Amino acid sequence: MVRADAARARLRDSAEAAKARVAPARLKQDAKDKIKGAALNAVAKGAAQARERPYAIGGAVVALGIYLARRPLLNLFQRLYVRFAETHPEHSETDDG
């Protein structure tokens, strides 16, 4: 009888532990911790690679910056093209008369 009571107690403890592991709050916290750990590992790996290849990382950052600023840069180059392409010979700067 004592062994049966002990077995029931172990079963009950095991069931309560399993129930606690699958509780929504616990699962949510575990997911947050896992994502946080993965993000920190990615940042550490990126920093290590940046120290190994600073020019490649710098080039990637410049490329990303140009991509993000593509419309303002395109507008700038269009304005510059129009300014230098529309030269009128009748308004020459070296014309004396």
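What you see is a predicted model; the values in this text were computed from it and never measured. Only this structure's heavy atoms are used, side chains among them; waters, hydrogens and symmetry mates stay out.
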Under 3.5 Å, side-chain donor or acceptor atoms of residues 67-75 against the rest of the protein: list the pairs with distances, not counting sequence neighbours.
| from | atom 1 | to | atom 2 | distance (Å) |
| --- | --- | --- | --- | --- |
| R70 | NH1 | Y67 | O | 2.8 |
| N75 | ND2 | R71 | O | 3.4 |

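- Pairs engaging residues 5-18 under the salt bridge (charged side-chain N to carboxylate O under 4.0 Å, His left out) rule: D5-R8 [sequence neighbours left out].
- Sorted by first and then second residue, the salt bridge (charged side-chain N to carboxylate O under 4.0 Å, His left out) pairs involving residues 22-44 (not counting sequence neighbours) are R26-D30.
- A search for side-chain hydrogen bond (donor to acceptor under 3.5 Å, both in side chains) contacts involving R79 returns nothing, not counting sequence neighbours.
- Residues meeting the side-chain hydrogen bond (donor to acceptor under 3.5 Å, both in side chains) test with N41, sequence neighbours left out: none.
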Can you give the donor-acceptor pairs under 3.5 Å from side chains of residues 42-65 to other protein atoms, not counting sequence neighbours?
none

